[in-house]
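Throughout, a chain's letter reflects where its sequence line sits, starting with A, and its residues are numbered from 1. Predicted, not measured: the structure shown is a model, and the values here were computed from it.
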Protein chains: 2
Amino acid sequence: MDRDSVVASLLRRLETVSKLDPADIAAIRSLPIAVRHWAGARAIVSDGERPSECCLIIEGFCIRSKSTEAGQRQILSIHIPGDIPDLQSLHLHRMDHDLSTLVPSTLGFISHASLRTLTHARPNVADALWRDTLIDAAIFREWIVNVGQRPAPARLVHIALELRRRLLSVRGGTEPATFEFPLTQEQIGEALGITPVHANRIIRQLREDGIVDVSRGQVHVLDETRLAELAQFDDRYLHQDPAA
Amino acid sequence: MDRDSVVASLLRRLETVSKLDPADIAAIRSLPIAVRHWAGARAIVSDGERPSECCLIIEGFCIRSKSTEAGQRQILSIHIPGDIPDLQSLHLHRMDHDLSTLVPSTLGFISHASLRTLTHARPNVADALWRDTLIDAAIFREWIVNVGQRPAPARLVHIALELRRRLLSVRGGTEPATFEFPLTQEQIGEALGITPVHANRIIRQLREDGIVDVSRGQVHVLDETRLAELAQFDDRYLHQDPAA
DNA sequence: CGTTCATTTGAGTGCCGTCAATATAAGTGG
DNA sequence: CCACTTATATTGACGGCACTCAAATGAACG
């Protein structure tokens, strides 16, 4: 895999979210990145570890999650190509959650050392990456609202619409009626804070109602209008416009 | 109010969380800060606004919250002296949630311009503040787990123990059996994702069981052992040790 | 073609929500 | 300082969303 396509999605993403000048872009392009392939459903970094590098998703999907002592798991976020899901480890040295792949993925590892050199040399890039971690936090805030306030069907369609919107800033184009959503029903339950049994019932209900069909790792939108009404999805919290 | 006591809690907090050298500390001390008093239960910045300054809590308590279109409110975090709850606005220009006081408070406002000058001149300070926002995000992650996975009584004691632990890094000393918790039962409900009626029942149950007494804006620990067992509180996610 | 994992469905239970009323505390003006 | 107003806390009755336990079906994979 050539260097350009490795950083392409990262740059596309940083540029939709921040303003960078050519020198910044060149500096990011010249970061040393170690590309490795990862099987699906495998840990990348685990709770308690002290990683010395950050992980750029080049291809595939990842999730972050935390497990309680009672043995329950909560999925905290879903990550797509262009994301650096453990960028926080640059300053938070011990992991407080798990990061793992959802499907077979191509990952690029960037050492903390080289990132630190870059951010200290170029405050502009530091700001862009900082901003990236702040958007990450904004998504967590919305996730809290989702789990805390919305009824289960609305929770599901909300995270689905969030994922669709975020995929746009990498893939480009217009909102598709069908898109990847590579979670099992058990994982959907872990993301929404419900049991897999209940997740199944909600999915069936949404399908029977002709709103969305969530199956085989994909979402098929059946009725865009009623879906929007149910999800109450407002993308402002994604902060995708650097000017705003 | 003299300058030293204004920044004292901020410095104490940044130093428990990051390593700063004397020049960094001097630079932070010389930040222009406008001190203002605020009544209780008043908005500081609201969803949709574009603030040009950040707010340091000098005295008092604040919360961040988001409201859904359905009119429900979710409290996202509780803030104490030394916190800069809207530090994210430095890079995320449009607010995606509300920040308001819980009780009458003394606030210090620091312009984005002076913060940006400081962070660009001193990468060390930038890293410390960046780290601060990352801890903020780590707390959000734990909050998601709390709301998504724990039963309501455990949720309540978990946020109470988190607040107690965080108060320690400002106030110093050892874990007190009684501490401030200035939330009404309605606000407790909004923080936990339950109704105020149910919040009341849980509080009563915890009191009757002799575990904790949450009343009149205070928490009284009745049985430290059973409390710890119920809350499953592990402070690792607060990242209070700069070395770790 | 058997093993394993994911999905689906049923029956019964319980946590938590809604609606409603009352009590208590806190604050305000006369 | 008391009457009045309002916010907060408390309690009861009832309903429903979501959980547990359990089993069956379907899909994927070596």
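- Nearest heavy atom pair, residue B:C62 against residue B:L99, reads CB-CD1, 4.0 Å.
- Proximity note for A:E186 (side chain, C-beta onward) versus C:dA6, D:dA18, D:dT11: the nearest is C:dA6.
- The side-chain tip of A:R141 does not point at the ring of A:Y237 from less than 6.0 angstrom away and within 45° of straight on.
- For the salt bridge (charged side-chain N to carboxylate O under 4.0 Å, His left out) with A:E142, the qualifying choice from A:R155, A:R150, A:R166, A:R165 is A:R150, the only one to do so.
- In this structure, B:I194 atom CD1 and C:dT18 atom P are separated by 12 Å, rounded to whole Å.
- Using a 4.0 Å cut-off on heavy atoms, the residues of residues 199-218 of chain A that approach DNA chain D are A:R201, listed by number.
- Regarding contacts with the backbone of D:dC19, a side-chain N or O of A:T195 is found under 4.0 angstrom from either OP1 or OP2.
- B:R64 and B:S77 are linked by a side-chain donor-acceptor pair at a separation below 3.5 angstrom, with hydrogens and angles left out of the test.
- Ion pairing between a basic and an acidic side chain is recognised when a charged N comes within 4.0 Å of a carboxylate O; A:R207 and A:D213 show such pairing.
- One interatomic measurement links the two molecules: CZ of B:R150 to P of C:dC16, which rounds to 14 Å at whole-angstrom precision.
- For the pair B:I78/B:W143, a side-chain contact is recorded, criterion being any heavy-atom separation below 4.5 Å from C-beta on.
- Distance from the side chain of B:V197 is smallest to D:dG12 among D:dG12, D:dT8, C:dC16.
- As a whole-Å value, the separation of A:E190 CD from D:dA18 C1' is 17 Å.
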- [ ] Dump the intermediate steps for salt bridge (charged side-chain N to carboxylate O under 4.0 Å, His left out) on A:R94 and A:D47, then the final yes or no.
- [x] CA-CA 8 Å; A:R94 169 166 260 120; A:D47 198 343; over 6 Å; no
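- Rounded to an integer number of Å, the gap from CG of A:L156 to P of D:dA18 is 12 Å.
- Following rounding to the nearest Å, A:Q185 (CD) and D:dA18 (P) show an atom-to-atom distance of 16 Å.
- Put simply, CD1 on B:I188 is 15 Å from P on C:dC16, counting in whole angstrom units.
- When the C1' atom of D:dC17 is taken as reference, atom CZ of A:R155 falls 10 Å away, rounded to whole Å.
- Straight-line distance from the NE2 atom of A:H198 to the C1' atom of C:dC15: 13 Å, rounded to whole Å.
- B:G193 comes within 4.0 angstrom of sugar-phosphate atoms only, judged by non-hydrogen atoms across all strands, and of no base.
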